[in-house]
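A note on names: the letters A, B, ... follow the listed sequences, proteins ahead of strands, and every chain is numbered from 1.
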Amino acid sequence: MTDIKKEEEKSLNFLEEIVEEDLAAGKYKSILTRFPPEPNGYLHIGHSKSIVLNFGLAQKYGGKTNLRFDDTNPVTEDTEYVEGIKEDIRWLGFEWANEFYASDYFEQLYTFAEDLIRKGLAYVDDSSAEEIARMKGTPTEPGTDSPYRSRNMEENLQLFRDMRAGKYRDGEKVLRARVDMSAPNMQLRDPIMYRIKHAHHHRTGDSWCIYPMYDFAHGQSDSIEHITHSVCTLEFVPHRPLYDWFIEKLAIFPSHQYEFARLNMTYTVMSKRKLLQLVNEGYVTGWDDPRMPTISGLRRRGYTPESIRMFADKIGVAKRENLIDVSLLEFCVREHLNKIAARRMVVFDPLKIVLTNYGREEEMLPVEDNPEDPATTHRQVPFSRELYIEREDFMENPPKKFFRLSPGQKVRLKSAYIIQCEEVVKDETGKITELKCSYLPESKSGGTESNIKVQATIHWVSIVHAITAEVRLYDRLFRVEDPASEDGDFKEYINPDSLNVAVAYAEPALRKVKFNEHYQFLRKGYFYLDKDSSEDRLIFNRTSTLRDNWVKEQKKQ
RNA sequence: UGCCCUAUAGUAUAAUGGUAGUACGACAGAUUUUGGUUCUGUUUGUCGAGGUUCGAAUCCUCGUGGGGCAACCA
């Protein structure tokens, strides 16, 4: 009931409004969107905004979404990326109606081009790239006509066929649309439709040596598939008149382009070019390095598809430039993981404690797996006389608001007993090596007299039963909010401490950990088994820390 | 010195000529065997100047700020 109400109250974004209007006006019976990545890199969190938008629009209004690879530039593209992209989309939880490639349409696009030549709307230009650039003019000065602009139709047709037949070298000729060399919109100054590239294409092999440009492939592909709403990012706004021009002159299905502002996020970079640099120059270990904003990186780090979809939903869709705080992404993943992650106790920086009055060898204590789950299961955790606690959970001279262990003070060991610190043992350098504590037998968790109040509860692990695990603790990849907008090379702003590796002591239940299981290490954060793990070596990535008011409190002082 | 997009709390986003709301953040409190979670409360906003109107965040004009466009990239 409340959910329905919420749904009703939730306002539409401008694209949903357009779709609703089109549907209401009977313009379309159902809608068809597409997600059109170029297979020249891996998908990142910015793409997930587009994916959730395109697939979400179709889902919401009973339509469908095609996956179309925009593979018109053979030199940068590869099937490795095709496979990676498909995996990422599926992982995010979306299924496409059709898998298409712009290269599926090369023959059709070629026919379209000949059609435009016959109509006198395209011509072969022999000018060099430099000459074409010069004749293009500037934003404030009109361009000038190429001497080849007035070539007759038959000659253009023959030349274009010769281009396809491989008679010319790369760069010798191009096919251009004859639009308007003095248009205020630069995109309309006779844009290039085809260029010669004697290059191997990952799907069409060597069967073509001319390849269509984006502008002569994208809109036409949309039209061939009868895409109703072609949603892309803002930088293509100036291309829209050209998109419409080609469709009009070709008299083909009128797909329409709509633009939204791409996602920018603090403390990271979001362009494939920059991400590729980080990979190639060894700043990260790969596209799926857990510090990367890529889908594969986030997945490896322990993010869930649900959390990313929630994020995409929360950031909204509009046309103004934005810089989303990464803390919103972190909020989303905590929100989800808090509900599903099993709790475990792991000590990162151990301080030994000895319970001087604990007479038994050991005992097993039941500990709940997830307090958020009313039907939570319990596991048996071994407790014994010698334990590790977190070194930071003890202070010899604590400040006022420190609630944890200190000389003479009590804390509860989670799901076990309350202990009191009796003696601090140090080595010759003054470093604390051990704490001698007493425990309160009647304070046993769950017991009738266990309701004794103490200020804090801390996690622990039994030394003889502990297993070790490597934990990889990540921080933001960059030191500044918006590295791309800083002066100089963005790589100067990389955070040198974005990765910290430590060996931690874990309760034995963690020995049975499996891939795809999300854990909360009590009070330490959310963790996820890394693919680098092996039978005898557990490696965990910290997905995210927990919110920490104590850190804030300390900063105030 | 052109064309295009854009401007609402710290960050995003809604209000579609009629009470400026929501989320995250921040701050304060309650609860808590995680300084987590949960709950409650507080704080902060319509870029500027004119105009239209009974009434403007919304429409118009002129500024100003931000972004994009001059790849044989997408």
Side-chain angles (χ1 to χ4, degrees), chain A residues 9-14 17 36-38 40 70-73 75-76 125 128-129 132-134 136-143 170-176 183-189 192-197 210-211 213-215 217-218 232-241 259 261 266 272-273 314-325 327-332 334-335 338-339 343 345 368 371-372 401-404 411-416 418 443 445-446 450-459 520-525 545-554:
Chain A
E9 279 173 2
K10 192 170 185 218
S11 50
L12 303 177
N13 66 49
F14 77 100
E17 280 182 11
E38 183 188 12
N40 66 346
D70 232 333
D71 56 349
T72 57
N73 186 2
V75 300
T76 57
D125 195 329
S128 68
I132 288 177
R134 207 178 315 121
K136 202 142 202 172
T138 70
T140 53
E141 296 162 304
D170 289 9
E172 238 177 287
K173 285 179 167 50
V174 290
L175 183 72
R176 290 229 257 169
N185 180 346
M186 299 292 289
Q187 306 301 330
L188 262 21
R189 319 249 260 228
I192 291 168
M193 295 164 59
Y194 270 91
R195 75 288 214 193
I196 299 169
K197 274 180 195 276
I210 57 171
Y211 292 92
M213 297 286 288
Y214 167 85
D215 284 306
H218 201 98
C232 62
T233 45
L234 241 30
E235 63 267 31
F236 293 102
V237 169
H239 294 246
R240 186 174 357 111
E259 311 86 8
T266 54
K272 275 192 206 167
R273 208 191 92 249
K314 280 184 181 293
I315 57 179
V317 180
K319 300 185 79 161
R320 103 182 71 138
E321 291 294 321
N322 59 75
L323 181 61
I324 306 278
D325 198 321
S327 63
L328 182 61
L329 216 210
E330 292 166 350
F331 164 81
C332 291
R334 286 185 189 123
E335 180 88 351
N338 179 50
K339 293 193 182 80
R343 271 59 170 174
M345 291 196 286
E368 60 190 355
E372 296 299 305
K401 289 190 177 175
F402 186 82
F403 302 149
R404 282 110 89 157
V411 287
R412 174 173 287 282
L413 297 177
K414 172 69 181 175
S415 297
I418 291 171
S443 69
S445 214
S450 65
N451 288 337
I452 307 161
K453 291 282 175 210
V454 284
Q455 290 243 63
T457 300
I458 62 174
H459 62 282
Q520 184 194 104
F521 292 175
L522 228 60
R523 307 203 298 137
K524 303 304 283 186
T545 58
L546 264 27
R547 278 183 72 211
D548 192 343
N549 283 318
W550 171 240
V551 167
K552 282 187 208 163
E553 189 64 39
Q554 282 172 307

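By the side-chain contact (heavy atoms from CB on, under 4.5 Å) test, T138(A) is found to be paired with T140(A), E141(A), residues two or more places apart in sequence or in another chain being considered. The side-chain contact (heavy atoms from CB on, under 4.5 Å) check on V317(A) picks up N13(A), F14(A), L15(A), L53(A), F260(A), with sequence neighbours excluded. Residues satisfying the side-chain contact (heavy atoms from CB on, under 4.5 Å) criterion with P184(A), sequence neighbours excluded, are absent altogether. Evaluation of the ring-ring contact (aromatic ring centres under 6.0 Å, His included) rule for H218(A) yields Y214(A) as partners, not counting sequence neighbours. With sequence neighbours excluded, the residues forming a salt bridge (Lys or Arg N to Asp or Glu O under 4.0 Å) with E368(A) are K414(A), listed by chain and number. Remark: R240(A) pairs with E259(A) by the salt bridge (Lys or Arg N to Asp or Glu O under 4.0 Å) rule, at least two apart or across chains. Partners of N40(A) according to the side-chain contact (heavy atoms from CB on, under 4.5 Å) rule, which considers only residues two or more places apart in sequence or in another chain, are E38(A), T76(A), E77(A), K272(A). Among residues two or more places apart in sequence or in another chain, the salt bridge (Lys or Arg N to Asp or Glu O under 4.0 Å) test is passed with R523(A) by D393(A).
In terms of polar N and O atoms assigned as donor or acceptor, the side chain of Q520(A) comes within less than 3.5 Å of the base of U34(B) in a complementary pairing. Judged by distance alone, with hydrogens and angles left aside, T457(A) brings no side-chain donor or acceptor close enough to the base of U34(B) to form a pair under 3.5 Å. Within 3.5 Å, a donor on the side chain of R412(A) pairs with an acceptor on the base of U33(B), or the reverse.
Residue G446(A) is classed as a base contact, given a heavy-atom separation below 4.0 Å to a base. Across all strands, V317(A) comes closer than 4.0 Å only to sugar-phosphate atoms, never to a base (heavy-atom distances). F14(A) comes within contact range of no nucleotide atom at all, as no heavy-atom separation falls under 4.0 Å. Within the nucleic acid shown, R343(A) comes within 4.0 Å of at least one base atom, counting heavy atoms only. Residue R404(A) is classed as a base contact, given a heavy-atom separation below 4.0 Å to a base. Residue P371(A) is classed as a base contact, given a heavy-atom separation below 4.0 Å to a base. Residue L323(A) is classed as a sugar-phosphate contact, given heavy-atom separations below 4.0 Å to backbone atoms only.
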Polar pairs (N or O, both sides) under 3.5 Å between protein and nucleotides 64-72 of chain B?
unit_1, atom_1, unit_2, atom_2, d
G67(B), O2', E321(A), OE2, 3.1
C69(B), O3', Q187(A), NE2, 3.3
C69(B), O2', Q187(A), NE2, 2.8
C72(B), N4, S127(A), O, 3.2
C72(B), N4, A129(A), N, 3.3
C72(B), N4, G171(A), O, 3.0

Listed pairs, N/O of protein and of nucleotides 17-24 of chain B, under 3.5 Å:
unit_1, atom_1, unit_2, atom_2, d
A23(B), O2', K314(A), NZ, 3.4

How would you summarise protein contacts on nucleotides 26-32 of chain B per nucleotide, using B for base, S for sugar-phosphate only and - for none, with heavy-atom distances below 4.0 Å? SSS----
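Residues Q187(A) and V237(A) form no side-chain contact, since every pair of their non-hydrogen atoms from C-beta on lies 4.5 Å or further apart.
Look at Y214(A) and the base of A74(B); the rings do not stack under the cut-offs of 5.5 Å between centres and 30° between planes.
Checking the phosphate oxygens (OP1, OP2) of G35(B), a side-chain nitrogen or oxygen of R523(A) falls inside 4.0 Å. Taking 4.0 angstrom as the limit, T72(A) places a side-chain polar atom (N or O) nearer than this to OP1 or OP2 of A74(B). Side-chain nitrogen and oxygen atoms of R273(A) include none within less than 4.0 Å of the OP1 or OP2 phosphate oxygen of C73(B).
G36(B) and A30(B) have their C1' atoms separated by 16 Å, given to the nearest Å. Nucleotides A12(B) and U6(B) place their C1' atoms 15 Å apart, quoted to the nearest Å.
Rounded to an integer number of Å, the gap from Q455(A) CD to U34(B) P is 13 Å.
In this structure, the nucleotide among A74(B), U34(B), A12(B) sitting nearest to the side chain of I315(A) is A12(B).
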Dot-bracket for RNA chain B: what is it, with Watson-Crick or G-U pairs under 3.5 Å, [ ] where a pair crosses earlier ones, and | for a pair to another strand? .((((((..((((....[..)))).(((((.......)))))....(((((..]....))))))))))).....
